[in-house]
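Everything below concerns the one structure shown next.
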Amino acid sequence: MNISVTGIGITKFGELWGVSPRSMAHEACEAALVDAGLDPSDIDCLIIANMLSGMLGAQEHLGAFFSEELDFFHIPSYKVEGACASGGLAVHTAINSLLGGEYTRVMVLGIEKMTDHKPELVSSALMGAGTNEERLSGLTFPGAYAILAKAHMERYKTTEEQLASVAVKNHYHASLNPKAQFHSLLTVEKVMHSACVADPLRLLDCSPISDGAAAVILQNTENGKRKTEVQIIASQVATDTLGVAQRKSLTTLKATEVAAQKAYRQAHILPKDIQVAEVHDCFTIAEILAMEDLGFFEKGKAAPALVRGETTLGSKQLVVNTSGGLKGCGHPVGATGVKQIVEITQQLRGSAGKRQVNGARIGLTHNVGGSGGTCVVHILKGI
Ligand code: COA
């Protein structure tokens with residue numbers, strides 16, 4: 001696949017009370033254009049990743065909304081939605097439209113504004129990603145992942161301390177990321193003494209409610225056009241049942257396994273070839289599931305390895321969620337999958353500053369919608 005990441009831009013993630021979606025979009029997209037050395041007129045298509053603007057902001061029709069706002073008049077522009085995997089799906093859609101030959105450069109903008117609304121409204125809006133039965137029974141996403149956590153604890157003897165270690169690692173990485181929502185360091189004890197949200201998940205096991213935007217410019221480098229230093233070498237999507245109750249297994253996200261296996265085949269690599277990964281840790285258990293379902297560790301082996309520091313900055317094997325992940329960097333849902341591409345691009349360019357994984361050449365992004373109904377995996381390579 002001859003797809004280059006030509007430009008990246010990102011806002012700070014967090015509670016951005018005084019910042020509108022319009023200004024977040026300007027900041028992320030203009031940074032990406034400057035990074036790529038391009039003008040708006042160089043962009044052939046704008047794809048917006050977003051989940052909640054209709055439900056929370058009463059604003060749909062984001063393609064026209066943002067193409068007007070950003071002076072991208074008259075180019076094709078539309079929204080892609082796949083719950084928390086909207087960002088990854090939008091990148092996948094951009095790649096396919098580039099491979100179709102119609103466009104040379106596509107900009108993807110991931111954006112979400114969540115903190116202006118009451119948490120209970122945001123929680124029920126997020127449950128738009130679940131089934132009717134889940135909504136009617138009062139399930140929330142912390143509740144859905146608590147069910148997965150309980151199953152993993154029962155089958156693999158995973159402990160609450162091990163779950164807490166995910167939050168400790170990701171807050172440490174976030175403390176090194178100026179764009180992250182949280183810069184506070186955590187301890188296992190602090191996580192385990194935070195308020196219980198859905199047993200066994202506590203406040204500090206959860207990703208937060210966040211605002212933020214991220215943008216990438218992707219370019220088709222077919223026909224001898226100059227390749228940039230970061231290429232996307234695999235882009236795969238898989239789906240599974242929308243609801244948790246319909247799954248054959250509660251200790252595996254099948255969509256992750258399927259998307260990952262297809263991505264490794266497409267990239268002609270194995271999981272051991274990856275040095276840096278951004279995985280979808282919407283709750284601490286989600287990172288442990290991801291590590292196993294992506295093939296980095298055997299089932300039941302990810303949590304002990306994480307506690308041993310095998311995925312923390314400084315590890316020689318594989319570093320996971322250098323941005324701080326969803327847990328520490330924040331989770332403005334439509335922006336998350338695009339932010340993952342921004343972070344891995346910085347790692348492969350060698351421009352990640354204090355978060356740099358030395359010698360990173362191949363990176364992976366893993367973006368999940370709902371409780372595993374959609375999964376998007378990208379593999380990127382530095383040249
Ligand atoms: N991690 C770390 N700190 C957090 C946090 C989190 N996830 N969520 C809130 N905080 C902090 C806040 O900054 C605040 O600190 P302060 O008092 O120093 O300002 C404090 O904890 C209380 O925050 P508050 O906003 O009152 O929390 P809340 O009770 O309204 O919401 C959750 C907490 C966990 C319920 C909410 O963040 C949530 O629903 N997260 C999951 C989001 C989700 O489901 N996403 C989709 C995934 S599939």
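Counting convention: from 1, in listed order, for ligands and their atoms alike. All heavy atoms count here, side chains included; hydrogens, waters and symmetry mates do not.
For Thr365 (side chain) and Glu278 (main-chain N/O), no donor-acceptor pair under 3.5 Å exists by modelled atom type.
Distance screen at 4.0 Å: atom 22 (C) of ligand 1 has no protein heavy-atom neighbour inside the cut-off. Within a 4.0 Å radius of atom 34 (C) of ligand 1, the protein has at least one heavy atom. Distance remark: protein heavy atom present below 4.0 angstrom from atom 44 (O) of ligand 1. Atom 37 (O) of ligand 1 is flagged as protein-proximal [any protein heavy atom, distance under 4.0 Å]. Protein non-hydrogen atoms do not reach within 4.0 Å of atom 17 (O) of ligand 1. In this structure, atom 47 (C) of ligand 1 has protein heavy atoms in its sub-4.0 angstrom surroundings. When distances from atom 29 (O) of ligand 1 to the protein are checked, no heavy atom turns up under 4.0 Å. By the definition of a contact as any protein heavy atom under 4.0 Å away, atom 26 (O) of ligand 1 is not in contact.
Here the protein heavy atom with the shortest distance to atom 39 (O) of ligand 1 is Ile209 CD1, 4.0 Å. In terms of protein heavy-atom proximity, atom 41 (C) of ligand 1 is nearest to Ser207 O, 3.2 Å. Leu203 CD2, 4.6 Å is the protein heavy atom nearest to atom 20 (C) of ligand 1. In terms of protein heavy atoms, atom 3 (N) of ligand 1 is closest to Phe182 CZ, 3.4 Å.
Around atom CD of Gln246, more than 12 heavy atoms belonging to other residues, nucleotides or ligands sit under 6.0 Å away. By the neighbour-count criterion of 12 heavy atoms within 6.0 Å, atom NE2 of His183 is densely surrounded, having more than that number from other residues, nucleotides or ligands. Enclosure of atom CD in Glu30 by more than 12 non-hydrogen atoms of other residues, nucleotides or ligands within 6.0 angstrom is indicated.
Across Cys282, Cys206, Pro208, Pro332, a single residue satisfies side-chain contact (heavy atoms from CB on, under 4.5 Å) together with Leu326, and that is Cys282.
The aromatic rings of His280 and His366 sit perpendicular to each other, their planes meeting at more than 60°, with 30° as the lower class boundary.
Taking distance alone, with nitrogen or oxygen atoms compared against 3.5 Å, His171 stays at or beyond that limit from ligand 1. Of the N or O atoms in Cys206, one or more lie within a sub-3.5 Å distance of an N or O in ligand 1. For Lys327, a nitrogen or oxygen atom sits less than 3.5 Å from a nitrogen or oxygen atom of ligand 1, counting backbone and side chain alike.
Near Leu126, meaning under 4.0 Å from any of its heavy atoms, are these atoms of ligand 1: 43 (C), 44 (O), 45 (N), 46 (C). Interface atoms of ligand 1 facing Pro119, defined by a heavy-atom separation under 4.0 Å, are 30 (O).
Looking at Ser23 and Ser20, their side chains do bring a donor and an acceptor atom within 3.5 Å of each other. Under the 3.5 Å distance criterion, with hydrogens and angles disregarded, a donor-acceptor pair is assigned to the side chains of Lys339 and Ser323. There is no side-chain donor-acceptor pair under 3.5 Å between His331 and Ser210. There is no side-chain donor-acceptor pair under 3.5 Å between Asn2 and Gln231.
Aromatic pair Tyr156/His152: centroids less than 6.0 angstrom apart.
Heavy atoms of Pro208 found under 4.0 angstrom from ligand 1 belong to the backbone as well as the side chain. Only the side chain of Leu204 comes within 4.0 Å of ligand 1, judged by heavy-atom distances.
Looking only at side-chain heavy atoms (C-beta outward), Lys254 and Arg247 stay at 4.5 Å or farther from each other.
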